Each structure stands twice: as C-alpha cells, then as structure tokens.
Amino acid sequence: MSDIQVQLPDGSSRSLPAGSSALDLAAAIGKRLAKDALAAEVNGELKDLAEPLPADAVVAIVTPGSENGRDVIRHSSAHVLAQAVTRLWPGAHYAIGPAIADGFYYDFELPGHAHFSDDDLGRIDAEMRAIIAEDQPFTRHEYTIDEGLALFKDQPFKVEIINAVAQGANDEEDLGEVSPNAVSTYSNSPAFTDLCRGPHVPSTARLGHFKLTRVAGAYWRGDERRPQLQRIYGTAWESDAALVAHLEFLEQAELRDHRRLGAELDLFSFPTEIGPGLAVFHPKGGTMRRVMEDYSRSRHVDGGYEFVNSPHIAKEDLFNTSGHLQWFAESMYPPMELDGGQKYYLKPMNCPFHVLIFKSRQRSYRELPLRLFEFGSVYRYEKSGVVQGLTRVRGMTQDDAHIFCTREQMPDELASLLTFVLDLLRDFGLNDFYLELSTRPEGKAVGTDQEWTEAESTLAAVALAAGLELVQDPGGGAFYGPKISVQARDAIGRTHQMSTIQLDFQTPQRFEATYIASDNARTQPIMIHRALFGSVERFMAVLIEHYAGNMPTWLSPEQVRVLGVRDDHDAYARYVADALALDGVRIHVDEASEPLGARIRKAKLEKIPYILVVGDDDVDKGTLGVNARGSNDPERGVTLSAFRERLAEEIAVHGSPEAK
RNA sequence: GCCUGGGUAGCUCAGUCGGUAGAGCAACGCAUUCGUAAUGCGUAGGUCAGGAGUUCGAAUCUCCUCCCAGGCUCCA
C-alpha cells in the first residue's frame, strides 16, 4: 500500500498510509489530539474525521475550543435537538437547523400545527441529554436526488430543499447538503436521519454543554408570506466553563440594558397612556439629551452646516412628490383629514422639507455644498412587534442634515463627511467601527440602473478609502439611494448601527430642485442624507449600554454631589456647590438628614461621577473629600481650587470614562 | 403583523385548593448629627393592566382588548 503526504498547519508534512482518515492523522500526531479531535479542515473545507484524506492535502485538526470546533458542536447539537423533538412529537416535520453565533436553532412544524410552549424546553432538554448519553455515532451517507426524495418523502421541507437545488433554482442560497446530482445525509441512529452537508462530531457523546434558551415563531425561509414554523434556540459550547461564561456574559449585558438603567437612573419612561414606542425624557434624561445635542450643534457649526427647522406635518402632495407615499407608506401614520378633505401626514423623514428650503429661491453653484441641519422629530408607524426601548421607537429625533452639492463635489464631500462622523462618535467615547454598504433594494427603488451604479460605486470608494472594515449589505439601501452605515462596537463587543450616510439622485429630480451652474445651465444637485447619531434616542441608548450607565462626566446629568458630614456643615457644602455651579457644573447638595453612609450609597447607586464629603477639617481649611466613581479610595484634603481645575479639564476634554 | 412568555404598591417580588391583599426597598412624619456603599420608630400607599363571563364568592378559572419581554419579518 502506498503512502500519501499531508501538510499540517505548522508547515510540516506527514506521511500516512493511503486511505487514512483525519482521525488516523490525529492519532499519529498524539493521543491527546485524537481524543480532542472533532472534525478536520481539509484544503480549507470542513470534513468529518472519518473521511479518507486525499493525497497532498493541507489538513488541520478541528478541536473543541476553536471557532470551527464550536460551529461543529453547535450544528451537531441542532441535530440532536431535532432528533429529540421527533422522538417526543412523532410525525414532526423538521426544516433547517444551523449553527449561529453562540449557539444553534432548529425549525419545526409539529403535528396538527401544535406550538411549543416554554415548558416543553425542559422535556426536550432531557431527551437531548438521553440521546447524548446513548453515544450515537454520526454517520454520513450519499444518495442520488431520487433516492434523497424517497428517503425524505415524509419531510416536506427537506423535499422542498432537494427539489429547489435539483431544479437549479435558488442559486443564491447556500445549500451544500445538496449538489445538482447528489444529496448527503447524516444518521446518528437508524431512527433519525437528516439532510446535511456536515461535518459533525464523531458521536453525540461529544456534546452536552448546552442550554435551550427559548422558543420562537420563525417564517419558513424568513418569508412572512410562508408558513410560520416553531423555532427552538439553544446555546452550546465546548465545556461547561465556556457555557457558564457565556451565560454570565448575558447576565452582564442585562445589567447594562438601557431600559433597565433608564428606569433606575430616572432618565426616561414609556407611559402606556402615550403609546408604544413613544418615550418621555425625565429631567435627568433631558439633561443628558441637551448636552448631547448642544455638543452636536457646536460641531455642526464648525462643520459648515446651516441650521433650519421644519414642521411635523405636511400635506399629502409633499409625500407623493417625495415618493414616501409610494415606497414608505406602510411605515407612516395614517393621515388626518381637515380643511374639507385635505390630508395631512406626520413626517417620517425630514428630507422633503429640506428640499423645499433649498428650492425656496434660486440657488447658485457658488452656494454649494449647502448643508442644512436640523434636530428633526419624525414619526414612523413601526409594527407592534418591533418597538424596543429607545432603539426602536415610533417617535424619534434625528440629527438630520441634507447636503446639496455638485456631482464633482460629491466624492470629497462624502470623504470629509465620513471623517466628521467618526470624529464625533469618538468624542462620545466610541472607538471601534466598521462600515456597511447597503445597495439597491430589489423591486423597491426609484431611479435608473446607471444612477444606482454610480451612487453605489462612489460610496464604496469612499468607504474603502476610510480604511475601515467594509461589510456588504446587498439590497439594504433606501428606496431613493444606497447608504453607508457606521456600525460601532460597544464596551462588551456588541455592534450597533449608528450613523447613516445616503446618496440620493432621485429626490432633487422629483422636486425639480436645481441650481445655476457656472456655465449658466440649470443643473440638478446631488443630495446626501446623513444622520450621525442615527436618532438621538438610539444614540443615547447605545451610550448608556456602552458605559453601563456610568456616563462620562461631561454627559452625566448630575456631575457632583456635595454631602456635609453633619448638618452644621451644610452651609459650607452649599458654598462649595455655588462655587462650582458658577463654572457650569451640574451639582447638588444632599443635606445631612440621613447618615453619611446612606447618602454616599445613594449617590453611588445613582452613578454620580464625584461625591464630595465635607466635614470639620474641610470647613477649617477650605478643602474637600473627593470620592470619585469607580474608586474605593476617597481622597482627603483636596483644595477647592484644585478640584475645580481638575473637573473643568476633565469636562473640557470629555474625560476618560470607565466604559467597562 | 405573527409565535412564545409575562403584567399584583413608585421598584423587586410573595400570594397554597377559588374564600375578599402581603414583604423588602423607595416615599412621607418624628427622633437621630454621623468622615466615605443601608440609623431607629411610625404612617401612608392597591379598581391585582382594562373589560366581559363562569361561580354564593375570582389576583387565582374562561374569553376579548391594551401594554411589556424574547424571537420572526422590518428598521434610525
């Protein structure tokens, strides 16, 4: 028997008898590796351990702690979930069950269109653990299309998948388990076979560090016109330690949830009397908003923006001209009728108003780029199931601007705009970004192919030049143009969509907005839509979660609280507060009606950046005790002037907040 | 909009078999005067989300509506 050569990740090569599998390779390398091995990456593709290796292959053994290893574990866990459900609900149809970030899911249709309830999770979990204890091997088989159709004749979703590929439809879908002439399956017992490309762990015994998390409805193939299936989500890991760490991460994320902190810190609320997705900002949240908006305004002044204002409602015709009633109507509140049948709509966007400001008189090329800025409140009738805290609301304020420029100015304008955006976000303490390019939405767009192509390639070039990671989002653009959105990663690694920059050739055309060019010709400007916060509400939510409520001093609603040790120190406390208030510091005195410890605790729970404690020594010497947020080590004897300087400097440079 | 779960005092929650509402914290009052994360005592606080039904009797069982959470679809 001749040998084959394989190359390992470290560059070395090994010689193995022909027909050897990746498991044989692992065993040849070491006992420990053979025990850990879950699958193999062969010439860049994930394969089962048991599969014979081709000659001259580049092979990496996939072990549990790696990303590939986790994917295999999660995918295999999904199979075990499906097997458990078919055991408990004989006749259940199973659809798809992939690995996802941190876990897996599987979609089912239960006999009689029954639904899972939360209580079912415990039974399914127990059944999965029984299957895992049975140590069932995963074995791969390949069949012809016809054999595959016969094998899954009782599984309509599998039949649909096989047929779709066999007929060459859906070429955009990644269905590696079916190729035009063969289907592959995995059986982990004679009683359960699934259509699957693999690979899988060698045996169910390699699984078990999982938790079923929730049940949900999910449309077949993500299409709301197709039947809704029953989905079960789970998380799965290579060890109990990793599982526990993940569950703890989820708990941490919950502690910094802006909805929870918004109530705890008395920032905002959603009174049911007002309606879903409609927030009120309390004094503290209102202060935070004001500071954010004021800072944004001053940056926009520096950035060459003009400030404008527009009303919240407008006549039907405006939104016909803009195209909103044609393309965006389902997100708009129904009209109100007045003045004998005239319909008025709440505005879902500010752009039509800004175009009218542009059009209010003749414009010259000398005025361009013209940048019109407004904190514009818009209303969108979001479907009832999608509103969520401040991140998805029905009434919001956008830090919205529309830039009118010439075609020639467009690339430079976009490039400087991107710099402007990133600088502003950095000033708020967000530092980790990537860009997403959203292109023409299928079947829901105005304008010619050529215009879209030009807009998309211009945006792509600017994004590329920014040197940030660029992710494609095909079909994600607005109806009037493609967009770049800036995604920010927060302190615990989650990403949030922040700023959007959209190119628009259509709106100026629809409104017949023109300027007089240097050659005296009436010319259509390009319009750039951009919102840097996205919405003030969402931006605040992201900041609250990023900082876990510990807002940097410049953004904190209350920056300093002064506590007298005894009530005969209150006068000095008020003197200190008055002095700092003259600098514009947001400061309060908590008078000594309760014990000092209780007042300190209260201030700490409110996440106030600085607590000043003043007693006999301080009254004598004109000093303060400074207890900074995040510190367990209060300073004593700090002079008022020293603290005053330090605070002013921190606020001026926006400080260095403890984000973690 | 669809699927699952939930809604009891300002907040967090208990409330057994259907028998008429309870705790802690917060609030308020009085006392306490204190040097870095909870002083003591007392008082008040509820149309059990709303409505309808079953029942002698409903926080509890049934139905409808509203709202919230997690998903799906959608999105700033």
Side-chain angles (χ1 to χ4, degrees), chain A residues 105 107 113 115-121 213-233 254 257 259-260 263-264 266 269-277 328 330-331 348-349 378 380-394 396-400 438 441 476 478 483 485 496-500 502 529-539 541-542 563-570 591-606 611-618 625-628 631-636:
Chain A
Y105 69 78
D107 287 346
H113 294 92
H115 295 144
F116 291 121
S117 78
D118 279 8
D119 298 336
D120 294 327
L121 289 183
T213 48
R214 50 181 50 100
V215 310
Y219 300 105
W220 170 230
R221 300 210 165 174
D223 185 340
E224 63 182 325
R225 291 162 304 188
R226 302 215 210 196
Q228 188 166 49
L229 305 179
Q230 292 289 301
R231 176 173 296 179
I232 293 178
Y233 281 95
E254 204 178 314
D257 188 311
R259 293 165 297 191
R260 175 197 185 101
E264 281 176 10
D266 195 15
S269 60
F270 293 88
T272 58
E273 294 87 339
I274 298 176
F328 205 71
E330 65 178 27
S331 297
M349 293 188 193
V378 298
R380 298 186 184 172
Y381 183 73
E382 302 288 357
K383 288 191 205 167
S384 64
V386 308
V387 296
Q388 203 219 26
L390 286 179
T391 57
R392 194 74 184 274
V393 291
R394 284 182 169 171
M396 61 171 155
T397 301
Q398 295 180 309
D399 59 331
D400 206 3
S438 303
K483 69 179 179 193
S485 53
H496 306 272
Q497 175 166 337
M498 316 274 12
S499 320
T500 57
Q502 304 183 330
H529 305 237
R530 37 112 297 171
L532 309 192
F533 290 160
S535 75
V536 179
E537 290 80 2
R538 174 179 287 181
F539 194 66
V542 170
L563 316 180
V565 173
R566 278 191 322 270
D567 59 7
D568 51 327
H569 303 127
D570 283 345
E591 297 186 345
S593 57
E594 284 177 286
L596 181 63
R599 283 177 288 147
I600 287 171
R601 179 179 145 83
K602 211 164 117 189
K604 289 283 186 188
L605 290 174
E606 291 179 49
I611 301 165
L612 303 181
V613 174
V614 294
D616 290 330
D617 297 350
D618 301 297
V626 178
N627 187 333
S631 155
N632 294 317
D633 183 25
E635 304 157 58
R636 291 284 297 270

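All heavy atoms count here, side chains included; hydrogens, waters and symmetry mates do not. A, B, ... follow the sequence lines: proteins, then strands. Residue 1 opens every chain. Quick caveat, the model's predicted, so the values are computed rather than measured.
A:T272 comes within 4.0 angstrom of the backbone, heavy atoms only, and of no base. Nucleic acid contact class of A:V393 (heavy atoms, under 4.0 Å, all strands): base.
With sequence neighbours excluded, the residues forming a side chain to side chain contact (heavy atoms under 4.5 Å, CB included) with A:S499 are A:V421, A:L425, A:V486, A:L532, listed by chain and number. Qualifying side chain to side chain contact (heavy atoms under 4.5 Å, CB included) partners for A:T272, counting only residues two or more places apart in sequence or in other chains: none. The side chain to side chain donor-acceptor pair (under 3.5 Å) test applied to A:S331 returns no partner, not counting sequence neighbours. Listed by chain and residue number, nothing satisfies the side chain to side chain donor-acceptor pair (under 3.5 Å) test with A:D633 (two or more places apart in sequence, or in another chain). Residues satisfying the side chain to side chain contact (heavy atoms under 4.5 Å, CB included) criterion with A:Q228, sequence neighbours excluded, are A:Y219. Listed by chain and number, the residues in a side chain to side chain contact (heavy atoms under 4.5 Å, CB included) with A:A598 are A:E594, A:P595 (sequence neighbours excluded).
Residue A:N632 places its CG atom among 12 or fewer non-hydrogen atoms of other residues, nucleotides or ligands, all under 6.0 Å distant.
Note on residues 384-393 of chain A: pairs passing salt bridge (Lys or Arg N to Asp or Glu O under 4.0 Å), not counting sequence neighbours, are A:E382-A:R392.
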How does protein reach along nucleotides 5-12 of chain B, written 5' to 3' as B (base within reach of a heavy atom under 4.0 Å), S (only sugar-phosphate), or - (no contact)? S-------
Quick one, give me the B/S/- string for nucleotides 34-47 of chain B, reading 5' to 3', where B means a protein heavy atom under 4.0 Å from the base and S means that only happens at the primed atoms, P, OP1 or OP2. BBBBBB--------
Give each protein N/O atom lying under 3.5 Å from an N/O atom of nucleotides 62-65 of chain B, with the pair distance.
none

Output one line per pair: protein atom, nucleotide atom from nucleotides 71-74 of chain B, and distance, for all N/O pairs under 3.5 Å.
from	atom 1	to	atom 2	distance (Å)
B:G71	O3'	A:Y233	OH	3.0
B:G71	O2'	A:Y233	OH	3.3
B:G71	N2	A:G217	O	3.3
B:C72	OP1	A:Y233	OH	3.4
B:C72	O4'	A:G217	O	3.2
B:C72	O2'	A:Y219	N	3.0
B:U73	O2'	A:E224	OE2	3.1
B:U73	O2	A:K383	NZ	3.4
B:C74	O2	A:R392	NH1	2.9
B:C74	O2	A:R392	NH2	2.4
B:C74	N3	A:R392	NH1	3.0

Distance-only donor-acceptor pairs under 3.5 Å for side chains of residues 384-391 of chain A, two or more places apart:
from	atom 1	to	atom 2	distance (Å)
A:Q388	OE1	A:T391	OG1	2.9
A:T391	OG1	A:Q388	O	3.0

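A distance of 9.5 Å separates CG in A:L563 from CG in A:D570, rounded to the nearest 0.5 Å.
Nearest-nucleotide mapping onto RNA chain B: of A:M498 and A:L229, the residue sitting toward the 5' end is A:L229.
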